[in-house]
Novice: 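The structure under discussion is supplied below as structure tokens; questions concerning it will follow.
What's counted below: heavy atoms across the whole structure, side chains too, no hydrogens, waters or symmetry copies. Reminder, nothing fancy here: chain letters follow the sequence lines and each chain counts from 1. Everything numeric here is computed off the predicted structure, so don't read it as measured data.
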2 protein chains.
Amino acid sequence: MAPKVSEEYKKKRERELIEAARKVFIEKGFVHTSMQDIMDKAGISRGALYSYFDNIDHVFIEVLKYDDQKDIQYFVPSDEGPLWLQLKNWVEEQQYYIEAIDHTLLYAKAEFFLSSNYPNDKDNFPYIFERYNKTTEAIEVVLNEGMRKGEFRPQQSTRSIARYLITFINGLMLDTFQLGHERTKVKDQLSVLLFSLEKLINPNTQNEE
Amino acid sequence: MAPKVSEEYKKKRERELIEAARKVFIEKGFVHTSMQDIMDKAGISRGALYSYFDNIDHVFIEVLKYDDQKDIQYFVPSDEGPLWLQLKNWVEEQQYYIEAIDHTLLYAKAEFFLSSNYPNDKDNFPYIFERYNKTTEAIEVVLNEGMRKGEFRPQQSTRSIARYLITFINGLMLDTFQLGHERTKVKDQLSVLLFSLEKLINPNTQNEE
DNA sequence: TATAAAACGACAACAATGTATAGTTTATTA
DNA sequence: TAATAAACTATACATTGTTGTCGTTTTATA
């Protein structure tokens with residue numbers, strides 16, 4: 001009379017399944033991935049897969065959590081150097097995330113949040129709001145810190161500016177899905193963003209009004 | 001020996017079908033719409049529908065063409081008044097397009113270009129590039145005109161600025177799909193856009209270098 | 001009224017889902 | 001080390017939804 005495997009083992013197995021599923025989603029996106037695809041990639045039987053996950057939405061949600069957990073690209077300010085440079089760095093880094101689109105979940109995520117049945121009861125599905133809020137808040141914190149230090153003197157609310165930044169980056173991603181990154185000119189666009197961000201944030205270096 | 005109906009009749013019928021399909025796509029998006037849905041909405045039989053269109057991608061493409069044709073929201077500059085005000089107007093108008101998202105094809109389009117099989121051979125499907133190019137070019141023309149008149153003195157290339165504008169608006173749309181427009185604060189975001197656009201375009205009113 | 005086109009709707013084929021069952025493997029523990 | 005219960009495999013199955021085709025029926029006109 002013994003439960004055959006430890007809790008640990010089950011966790012580990014589940015993680016393997018999630019990793020396999022993640023690969024499939026990156027390759028094929030969300031809409032065109034079936035449970036069968038995941039079984040094939042993971043080398044697991046139908047019954048076993050269904051004993052871990054109820055359906056494909058469930059699988060995707062778990063993949064999302066897993067991915068979020070390891071891929072923290074939130075802005076984390078440090079004490080060293082001017083905040084403006086840190087912010088600039090962060091924006092420039094986004095280029096690599098966007099251009100690596102074929103090797104990330106970005107595409108599948110966009111599909112999922114657009115087309116899955118799951119988020120239809122949008123209000124019951126806070127994930128997407130939370131993520132948006134977390135990201136903008138992280139930016140907002142930096143902007144506020146910059147204000148406190150007297151480095152930034154924005155004329156708009158820091159929240160608005162943070163939202164603006166995130167929205168633009170979302171736009172870049174969408175364009176990149178549809179046009180490819182060469183046509184989108186990601187780098188060029190990010191440099192225009194930086195230019196205007198500087199104006200938004202730090203008008204005192206331009207003129208005193 | 002008679003072709004049962006006139007060419008006119010066929011065109012008319014096709015247009016009716018397209019209009020019915022358009023309604024369905026607006027209601028249900030692209031991914032969750034089936035040929036059956038369109039038959040039901042149009043009150044037409046399977047065979048008849050298939051005699052007009054090969055498959056659902058084909059239907060959608062025709063809907064797109066139809067929609068583009070009547071819904072020209074490209075920027076058209078006039079000779080009256082400063083270009084800056086015209087541009088500002090155009091940007092502010094986008095608010096209504098974005099907020100009317102539930103009554104337009106925008107959502108279905110985003111799904112289609114993300115998830116249909118059709119655009120997979122992206123290079124063979126110029127529609128999306130053309131549309132992007134047309135839109136940005138329309139903006140670019142205005143910016144150039146403004147430069148010619150001495151009204152605008154951008155420090156970036158006008159093409160970059162045009163792309164920047166369109167990308168941001170795409171981002172706003174994506175956010176609106178996912179968050180709803182209250183949460184996205186469309187109006188607020190557009191005003192930040194206008195602020196930074198002014199800086200991008202017309203730095204001479206700020207300082208002379 | 002003959003006829004060719006247009007519309008109808010049944011149908012086969014397929015793909016995917018989630019459940020179920022019988023048999024096999026395996027880690028634990030008594 | 002043998003018994004046992006859980007995990008897993010392999011496969012079958014009913015169900016559902018969708019697609020595209022095809023033989024038949026209807027209908028507008030010459």
Novice: Side chain of A:Ser34: nearest nucleotide among D:dT19, C:dA16, C:dT19?
Specialist: C:dA16
Novice: Given atom OH of B:Tyr50 and atom P of D:dT21, what is their separation to the nearest angstrom?
Specialist: 8 Å
Novice: To the nearest Å, how far apart are B:Arg13 CZ and C:dA6 C1'?
Specialist: 9 Å
Novice: Please check if any side-chain donor atom of B:Asp37 sits under 3.5 Å from a side-chain acceptor atom of B:Ser34, or the reverse.
Specialist: yes
Novice: Does A:Asp175 come within less than 4.0 Å of A:Arg183, counting only side-chain N to carboxylate O?
Specialist: no
Novice: Identify which nucleotide among D:dT19, C:dA6, D:dC8 has an atom closest to any side-chain atom of A:Ser45, counting heavy atoms from C-beta outward.
Specialist: D:dC8
Novice: Can you tell whether the side chains of B:Lys88 and B:Glu198 come within less than 4.0 Å, N to carboxylate O?
Specialist: no
Novice: Could you check how far CZ of B:Phe30 sits from P of D:dT18, rounded to whole Å?
Specialist: 13 Å
Novice: Mapping B:Arg46 and A:Thr33 onto DNA chain C by nearest heavy atom, which one lands closer to the 5' end?
Specialist: B:Arg46
Novice: Whole Å only: how far is the CE atom of B:Met39 from the P atom of D:dT18?
Specialist: 11 Å
Novice: For a quick test of reading the model: is some side-chain N or O of B:Tyr9 closer than 4.0 Å to OP1 or OP2 of D:dT27?
Specialist: no
Novice: To the nearest angstrom, how far is A:Lys10 atom NZ from D:dC8 atom P?
Specialist: 7 Å
Novice: Return the value, rounded to whole Å, for the distance between atom CD of A:Glu14 and atom C1' of D:dC8.
Specialist: 16 Å
Novice: Hey, does A:Phe53 reach any base, or is it just sugar-phosphate, or nothing, if we go heavy atoms under 4.0 Å?
Specialist: nothing
Novice: Can you see if the side chain of A:Tyr52 gets near the phosphate of D:dA7 - specifically, an N or O under 4.0 Å from OP1 or OP2?
Specialist: no
Novice: Rounded to whole Å, please give me the gap between CE in B:Met35 and C1' in C:dG9.
Specialist: 15 Å
Novice: Between atom CD in B:Glu8 and atom P in D:dT29, what is the gap in whole Å?
Specialist: 11 Å
Novice: Parallel, tilted or perpendicular: which fits the ring planes of B:Phe113 and B:Tyr127, with parallel below 30° and perpendicular above 60°?
Specialist: parallel
Novice: Between C:dA7, D:dC8, C:dG18, which nucleotide gets closest to the side-chain atoms of A:Ser51?
Specialist: D:dC8
Novice: Answer yes when A:Lys65 and A:Glu62 have at least one side-chain N-carboxylate O distance shorter than 4.0 Å, and no when they do not.
Specialist: yes
